[in-house]
Colleague: 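Quick one: structure below, then a few questions.
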Amino acid sequence: MTLRLLYDEIRLGLKQLCDTLGYPQTEFDVSEASRPEFGDVSCNVGFLLAKALRKKPFDIAQTLALEYKKNLGTYVSEVSAHASGYLNFVANYPLLVPHVIHSSLDSNYGTVDLGKNSKMVIEHTSVNPNKALHVGHVRNIIIGDTIARILHKASYDTSVLNYVDDSGLQVADIIVGFKYGGYSDKAPEGQKFDHYCGDVVYVKITERYETDKQLVELRSHVLKELEEGTSELAKFGDEITRRVLEEQLKTCWRLGVTYDCLNFESQIVRSKLWSVAFEKMKSMGITTLEQEGKNSGCWVIKAESEDDKVLVRSNGTATYIAKDIPYAAWKLGILEDPFYYKHYTVQKTGRVLWQTTLDSRDTKMHFTGDRVITVIDSRQSRLQKIITQIMSDFKSKPDSYVHLGYESVTLSPETAKTLDLDTGGKSVQMSGRKGIYVSADYVLDVLSERTFNEAKKRNPELDEISLVKISEQVAIGALRYSMIKQDLDKIITFDLTESLSLEGDTGPYIQYAHARAMRILEKAAKSPNFETNFDGINTVYEKDLTKAIAKFDLQVEDAAKNLSPKIIAKYCYQLAVSFNTFYEHVKVLTADSESTINARLCLVYSFKETLAKALQLLGIDAPDRM
RNA sequence: GGGCCUGUAGCUCAGCUUGGAUAGAGUGCUGGACUUCUAAUCCAGUGGUCAAGGGAUCGAAGCCCUUCGGGCCCGCCA
């Protein structure tokens, strides 16, 4: 039982009433009341019928309320018409509470069947393997991971991919640095290899391009060899990118993110998948050979009200987008799969991470899907729009390829100053090439240290290992929550000092509610007995908490339908607020009767279970103490 | 020049898809609550011509149009 049943019951009851009364059919809304004094559920049917019936909304609501009262159904205890015209309902709590609490004990509580087990591919992360992850990448990773978790909860059969662009310009840059720039391919003691490549080699070699044109020429040469993949240099490149990737993945795993498969761009290039896609595009008339004008001799894609996009240059070589098209088509299972797969590693959760290969001795697997979600920041919208269009042509179905875009993360002027950058009071775009960024590892380390000190102060009796574990959980909770609570199309201005704030609408606030609930359950003389009628539960605080618990599946459905992770973030926060309010106003262990203590323990348990499940969708651990 | 996003309280943001009740949070500031299930908490106060103008509607923060401010993108680079 969740609030959904209450809503459905009211919706159906009203529909039947309207039929009986001869009212025209309307798509009225049954939803949560906007204020507690209006009851639990509200309906706007009065407004919608006002015109057709030539009556005031209040009069219609009044009539409906009177009729509805004759048969209240199971979960409604009161109906009333409000002067404004709304029809308001109060839930039948003596029935609602036990149903909600019992339902929440199910390990699948909150699961909805939107996906019907259909295959869904989610691609995220996809960071060039030449540097360490910065907080901008973290937004991508956390959005992607959270969406994957939500869609899984919504009964999609999900595969999570990380696209490794190991044959691009950025990789060529660091290879130039190692081979011709005099940089050692070993990181100095104490520095992660990905940080060394990004902080030192990549930034320095980019600076040197300014004055040393010979290096720029060498880069083109390196890039070509990387794409061909046969030379010693290409092998060296492969070695380097894999070492960087390994370090990047450590950061992802630390954030609680796991994948199903690593797809290497170099293999897509070498697999000849491109020529298959190209032929298909030619035969479908998606691309045409330009005969005149500035793009004469190029194969181009015509875009509506925008400039044509060159696909194949007049010298016959393919452009950047030519790598993305076959890959997108592969993800949708449109082209025959040229890849074989082998274990990369087994991740901490036990989930196997596979990687693509071109070696026929390896295994055949299926990581493609009926629908694909690609998480890339919205600066790539233009390109992604073209790919979306081509995929819907290929698949003859719109919406099978979705570009999930999001605005970027910028650095606040104060944080930029810590990088010796005076931005004149403006926030600044991060840039790996220019060395303007705050790395994910650094933020996590600083956060972890901060939460460690806090946890130690509060729990002086806990041992070092437990404290480290708690501080890491809280640090990750704080970072993940800050990346997800905001809408995707809002720029996040990252400020190092502000990121250390752990109060109010933050991950730690939510985690703290869980820890508090755990302590009550721990300190209780006995474990909750659910074979009871829950009569002790009757304050507004308890009813409010119950309602919040009962909303879980509705929120999952909303988040999955709209690909909106923040809905779950808001939900977790709302749950925590309801609990903290309850906690301050209602005593559990010192309640007047045994049966009330037990009923409240059941509610606390129900809350704790639900919050932990909801937090899991955000990839945030629910600590027992903090 | 064209395209995408954005503008709501001092600051950071919900609400806008699907119009409806007194526009909500957090933070900041002011004050209050720990011999009590952990104060990473709670309670109260403070704070808003919802960028501006126009339109359709019984009704607009929300829909349509215009203007203005801010950000991003538009290479035979990747």
Side-chain angles (χ1 to χ4, degrees), chain A residues 27 29 31 33-35 37-38 42 44 46-48 50-51 56-57 82-86 88 128 165 167-172 220 223 290 294-300 303 305-307 309-315 317-321 323 377-383 385 405-408 410 426-427 429 451 454-455 457-459 474 478 485-493 495 498 501-513 515-524 561-562 564 566 570 573-574 576-577 580-581 583-591 600 604 625-626:
Chain A
E27 285 295 314
D29 205 32
S31 55
S34 58
R35 293 162 175 278
E37 60 264 35
F38 298 146
S42 293
N44 63 348
F47 299 106
L48 302 179
K51 199 165 190 182
K56 286 182 182 165
H82 187 266
S84 61
Y86 271 102
N88 291 328
N128 287 309
D165 179 2
S167 61
L169 204 60
Q170 298 200 18
V171 168
S220 318
L223 185 61
E290 202 75 351
K294 63 177 175 122
N295 292 334
S296 180
C298 300
W299 287 87
V300 302
S305 73
E306 281 170 29
D307 289 346
K309 184 77 203 160
V310 171
L311 193 61
V312 176
R313 303 180 189 102
S314 52
N315 68 5
T317 57
T319 59
Y320 170 68
I321 194 171
K323 289 176 184 173
D377 81 83
S378 41
R379 283 175 293 196
Q380 302 251 22
S381 298
R382 182 171 281 249
L383 238 49
K385 199 175 150 196
Y406 60 92
E407 281 292 340
S408 48
T410 61
K426 285 183 160 184
S427 51
Q429 287 280 337
T451 51
E454 193 71 32
K457 213 164 31 179
R458 290 156 188 276
N459 303 280
V474 176
K485 72 165 176 174
Q486 204 155 101
D487 202 78
L488 299 183
D489 46 27
K490 287 270 198 330
I491 293 169
I492 292 180
T493 305
D495 185 85
E498 205 180 297
S501 146
L502 311 172
E503 290 165 16
D505 186 6
T506 63
Y509 172 93
I510 299 165
Q511 290 172 310
Y512 185 61
R516 280 179 137 184
M518 265 327 268
R519 288 295 272 177
I520 296 178
L521 293 166
E522 269 174 35
K523 291 204 168 174
K561 271 187 179 161
N562 294 301
S564 179
K566 89 175 166 203
K570 297 273 166 220
Y573 179 65
Q574 195 203 345
V577 169
N580 276 331
T581 311
Y583 184 96
E584 297 286 343
H585 295 93
V586 181
K587 292 295 162 216
V588 177
L589 300 180
T590 52
R600 287 177 180 168
V604 170
R625 296 190 65 169
M626 61 186 275

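Sequence lines set the chain letters: A, B, ... in the order given, protein chains first and strands last, and positions in each chain run from 1. All heavy atoms count here, side chains included; hydrogens, waters and symmetry mates do not.
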Colleague: For the base of B:A40 and the side-chain ring of A:Tyr509, does the geometry meet a stacking cutoff of under 5.5 Å between centres and under 30° between planes?
Modeller: no
Colleague: Using a 4.0 Å heavy-atom cut-off across all strands, classify A:Tyr583 as base, sugar-phosphate, or nothing.
Modeller: base
Colleague: Sugar-phosphate means primed atoms, P, OP1 and OP2; the rest is base. With that split, encode nucleotides 7-15 of chain B 5' to 3' as B, S or - using protein heavy atoms under 4.0 Å.
Modeller: S-----SSS
Colleague: Does A:Lys426 place a side-chain N or O at less than 4.0 Å from the phosphate oxygens OP1/OP2 of B:G71?
Modeller: yes
Colleague: Take atom CD of A:Glu503 and atom P of B:C29, then tell me their distance rounded to the nearest Å.
Modeller: 11 Å
Colleague: Within the structure provided, determine whether A:Lys570 and A:Asp505 are in side-chain contact (heavy-atom separation under 4.5 Å).
Modeller: yes
Colleague: Scan A:Ser42 against the nucleic acid and name what it touches under 4.0 Å (heavy atoms): base, sugar-phosphate only, or nothing.
Modeller: base
Colleague: Who does B:C63 pair with, Watson-Crick or G-U, both distances under 3.5 Å?
Modeller: B:G55
Colleague: Say we look at B:G47 and B:C63: how far apart would their P atoms be, to the nearest angstrom?
Modeller: 29 Å
Colleague: Any N or O donor-acceptor pair linking the side chain of A:Asn88 to the base of B:A21 at under 3.5 Å?
Modeller: yes
Colleague: Assess whether one donor atom and one acceptor atom, taken from the side chain of A:Ser314 and the base of B:C76, lie less than 3.5 Å apart.
Modeller: yes
Colleague: Which base sits across from B:U41 as a Watson-Crick or G-U pair, both distances under 3.5 Å?
Modeller: B:A33
Colleague: Return the value, rounded to whole Å, for the distance between atom CG of A:Asp505 and atom P of B:U41.
Modeller: 11 Å
Colleague: Do A:Thr319 and B:A78 share a donor-acceptor pair, side chain to base, under 3.5 Å?
Modeller: no
Colleague: Could you work out which one of B:C37, B:G2, B:A21 sits closest to the side chain of A:Leu589?
Modeller: B:C37
Colleague: Can you tell me if A:Arg600 touches the phosphate of B:C37, counting only side-chain N or O atoms and a distance under 4.0 Å to OP1 or OP2?
Modeller: no
Colleague: Contact class for A:Ser296 vs. all strands (heavy atom < 4.0 Å): base, sugar-phosphate, or nothing?
Modeller: base
Colleague: Mind calculating the distance between CZ (A:Arg516) and P (B:C34) to the nearest angstrom?
Modeller: 15 Å
Colleague: Under 4.5 Å between any side-chain heavy atoms of A:Lys490 and A:Lys566, yes or no?
Modeller: no
Colleague: Taking the C1' atom of each, how far is B:G26 from B:U41, in whole Å?
Modeller: 14 Å
Colleague: Hey, can you tell me if A:Phe38 and A:His82 have their rings parallel, tilted or perpendicular (30° and 60° cut-offs)?
Modeller: perpendicular
Colleague: Does B:A78 have OP1 or OP2 under 4.0 Å away from a side-chain N or O of A:Arg313?
Modeller: yes
Colleague: Is any side-chain heavy atom of A:Asn580 less than 4.5 Å from a side-chain heavy atom of A:Tyr509?
Modeller: yes
Colleague: Please report the distance, rounded to the nearest Å, between CD in A:Glu584 and P in B:C42.
Modeller: 7 Å
Colleague: Between A:Leu223 and A:Arg625, name the one whose nearest nucleotide on RNA chain B is closer to the 5' end.
Modeller: A:Arg625
Colleague: Tell me what A:Ser381 touches on the nucleic acid: a base, only sugar-phosphate, or nothing, going by heavy atoms under 4.0 Å.
Modeller: nothing
Colleague: Taking atom P in both B:U49 and B:G24, what distance in whole Å separates the two?
Modeller: 15 Å
Colleague: Students often get this wrong, so: under 4.0 angstrom with heavy atoms, is A:Val171 touching a base, only sugar-phosphate, or nothing?
Modeller: nothing
Colleague: I'd like the P distance from B:U38 over to B:G71, given in whole Å.
Modeller: 50 Å
Colleague: Kindly compute the distance separating NZ (A:Lys485) from CD1 (A:Ile510), expressed to the nearest 0.5 Å.
Modeller: 9.0 Å
Colleague: Between the base of B:A21 and the ring of A:Phe38 - centre-to-centre under 5.5 Å, planes within under 30° - is that a stack?
Modeller: yes
Colleague: In whole angstrom, what separates A:Asp377's CG from B:C5's P?
Modeller: 15 Å
Colleague: Could you tell me which non-hydrogen atom of A:Ser296 sits nearest to which non-hydrogen atom of A:Ser314, and how far apart they are?
Modeller: O-CB, 4.0 Å
Colleague: Could you let me know what B:G10 is paired to, Watson-Crick or G-U wobble, both distances under 3.5 Å, or none if it's on its own?
Modeller: B:U27
Colleague: Tell me the interatomic distance from A:Glu454, atom CD, to B:A39, atom P, rounded to whole angstroms.
Modeller: 13 Å
Colleague: How about A:Glu522: does its CD atom have over 12 heavy atoms from other parts shown lying under 6.0 Å from it?
Modeller: yes
Colleague: As a test of reading the structure: which of B:A21, B:C58, B:G3 is closest to the side chain of A:Arg35, going by heavy atoms?
Modeller: B:A21
Colleague: Using both distances under 3.5 Å as the test, list the Watson-Crick or G-U wobble partner of B:C16, or none.
Modeller: none
Colleague: Distance check: side-chain N/O of A:Tyr320 vs OP1/OP2 of B:A78, anything under 4.0 Å?
Modeller: no
Colleague: Quick check: closest heavy atoms across A:Thr506 and A:Ser501, and the distance to 0.1 Å?
Modeller: CG2-O, 3.8 Å
Colleague: Counting side-chain heavy atoms from C-beta on, which of B:C58, B:C43, B:G26 comes nearest to A:Tyr573?
Modeller: B:G26
Colleague: Check the distance between B:G19's C1' and A:Asn44's CG and give it to me in whole angstrom.
Modeller: 10 Å
Colleague: Distance check, C1' atoms only: B:A61 and B:C16, in whole angstrom units.
Modeller: 8 Å
Colleague: Would you mind reporting whether A:Ile321 and A:Leu311 have side-chain heavy atoms less than 4.5 Å apart?
Modeller: yes
Colleague: Sticking with atom P, work out how far B:U67 lies from B:C72, rounded to a whole angstrom.
Modeller: 22 Å
Colleague: Please tell me if A:Arg458 has a side-chain N or O lying less than 4.0 Å from either OP1 or OP2 of B:A39.
Modeller: no
Colleague: Please work out if A:Arg379 contacts a base, only the sugar-phosphate, or nothing of the nucleic acid, heavy-atom cut-off 4.0 Å.
Modeller: sugar-phosphate
Colleague: Would you measure the distance from the P atom in B:A9 across to the matching atom in B:A23 and give it in whole Å?
Modeller: 15 Å
Colleague: For the P atoms, the ones on B:U27 and on B:G59, what distance do you get once it is rounded to whole angstrom?
Modeller: 39 Å
Colleague: Check whether any side-chain heavy atom of A:Arg458 sits under 4.5 Å from a side-chain heavy atom of A:Met626, and report yes or no.
Modeller: no
Colleague: Expressed as a whole number of angstroms, how long is the span from A:Ile321:CD1 to B:A78:P?
Modeller: 12 Å
Colleague: Side chains of A:Gln170 and A:Asn128: donor-acceptor distance under 3.5 Å anywhere?
Modeller: yes
Colleague: Scan A:Gln170 against the nucleic acid and name what it touches under 4.0 Å (heavy atoms): base, sugar-phosphate only, or nothing.
Modeller: nothing
Colleague: A:Glu290 near the nucleic acid: base, sugar-phosphate alone, or nothing, with a heavy-atom cut-off under 4.0 Å?
Modeller: nothing
Colleague: Mapping A:Asn562 and A:His585 to their closest nucleotides on RNA chain B, which lands nearer the 5' end?
Modeller: A:Asn562
Colleague: Within the 4.0 Å heavy-atom criterion, would you say A:Val474 contacts the bases, only the backbone, or no part of the nucleic acid?
Modeller: base
Colleague: Using a heavy-atom cut-off of 4.0 Å across all strands, would you classify A:Lys587 as base, sugar-phosphate, or nothing?
Modeller: base
Colleague: Determine which nucleotide pairs with B:A78, using a 3.5 Å limit on both distances of a Watson-Crick or G-U wobble pair.
Modeller: none
Colleague: Would you say the side-chain atoms of A:Arg313 pair up with the backbone N or O of A:Ala318, donor to acceptor, closer than 3.5 Å?
Modeller: yes
